K.L.:
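I'd like to ask you about the structure that follows.
Since we're looking at a predicted model, the values are computed, not measured. The residues of the chain are indexed from 1 along the displayed sequence.
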Amino acid sequence: MKKFYVGLTLLLFSAIIYSSSLISAAIYSQVLVQEGVGWNSDYGIFKTALMEIGSVPITIAIFSGILGIVLIIRSLKRKLT
């Protein structure tokens, strides 16, 4: 049961990190438009803001989400057997 709770915690952590990076990119994309800082027309405003924020938070969110799902599945399989 301990793995189940750790998996749920990792999923919650993943959702918080992912959503905070998307919210910060949305806020920064408005700054790119208003102040004339500039953005890459190949990627668009939002993708440019995501690239400026960085890929580390999204990578951490993806890995912790996958690890959380794996722990939850292992816990449920062990409980069923």
Side-chain angles (χ1 to χ4, degrees):
M1 205 64 183
K2 184 179 177 182
K3 286 184 181 182
F4 184 76
Y5 291 127
V6 172
L8 284 178
T9 305
L10 283 172
L11 277 177
L12 179 66
F13 174 73
S14 171
I16 290 171
I17 294 295
Y18 187 72
S19 63
S20 64
S21 65
L22 289 181
I23 289 170
S24 61
I27 292 171
Y28 185 62
S29 65
Q30 291 182 358
V31 171
L32 288 175
V33 173
Q34 289 177 357
E35 295 184 5
V37 176
W39 46 278
N40 193 346
S41 62
D42 293 336
Y43 297 122
I45 299 170
F46 191 71
K47 177 70 175 180
T48 303
L50 275 176
M51 289 178 11
E52 289 290 325
I53 289 174
S55 61
V56 174
I58 295 177
T59 306
I60 291 172
I62 290 171
F63 284 139
S64 65
I66 290 171
L67 184 61
I69 291 171
V70 167
L71 287 176
I72 289 172
I73 289 173
R74 282 189 179 180
S75 170
L76 292 177
K77 279 186 180 179
R78 181 175 288 174
K79 190 175 181 179
L80 292 176
T81 59

K.L.:
Strictly distance-based, threshold 3.5 Å: is any side-chain N or O of Ser75 a donor or acceptor partner for the main-chain N or O of Ile72?
P.N.:
no
K.L.:
Hydrophobic clusters here meaning ILVMFWY residues chained together by side-chain heavy-atom distances under 4.5 Å, can you tell me if Phe13 and Val56 are in one?
P.N.:
yes
K.L.:
Mind checking the CG-CG spacing from Leu71 to Leu76? Nearest 0.5 Å is all I need.
P.N.:
11.0 Å
K.L.:
Compare every heavy atom of Pro57 with every heavy atom of Ile17, then report the nearest pair and how far apart it is.
P.N.:
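Taking Ile17 first and Pro57 second, the nearest heavy atoms are CG2-O, 3.3 Å.
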K.L.:
Verify the cluster assignment for Val33 and Tyr28: are they in a single hydrophobic cluster under the rule of side-chain heavy atoms below 4.5 Å apart?
P.N.:
yes
K.L.:
Check each of Thr9, Leu10, Ile16 against Leu12 using the side-chain contact (heavy atoms from CB on, under 4.5 Å) test, and report the only one that passes.
P.N.:
Ile16
K.L.:
Could you tell me whether the side chain of Ser24 and the main chain of Ser20 form a donor-acceptor pair under 3.5 Å?
P.N.:
yes
K.L.:
Calculate, to the nearest 0.5 Å, the distance between atoms CG and CD1 belonging to Leu32 and Ile27 respectively.
P.N.:
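It comes to 12.5 Å.
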K.L.:
Please identify each residue that fulfils side chain to side chain contact (heavy atoms under 4.5 Å, CB included) with Ala25, with sequence neighbours left out.
P.N.:
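Applying side chain to side chain contact (heavy atoms under 4.5 Å, CB included) to Ala25 gives Phe46, Ala49, Leu50, Ile53.
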K.L.:
Does Ile58 belong to the same Ile/Leu/Val/Met/Phe/Trp/Tyr cluster as Ile23, with side-chain heavy atoms less than 4.5 Å apart forming each link?
P.N.:
no
K.L.:
If I take atom OG from residue Ser21 and atom CD1 from residue Ile60, how far apart are they, to the nearest 0.5 angstrom?
P.N.:
10.0 Å
K.L.:
Mind checking whether Met1 and Leu11 sit in one hydrophobic cluster, side chains of I, L, V, M, F, W, Y counted as touching below 4.5 Å?
P.N.:
yes
K.L.:
With clusters defined by side-chain heavy atoms of hydrophobic residues (ILVMFWY) lying less than 4.5 Å apart, directly or transitively, does Ile73 cluster with Tyr5?
P.N.:
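Yes; Ile73 is reachable from Tyr5 via cluster members.
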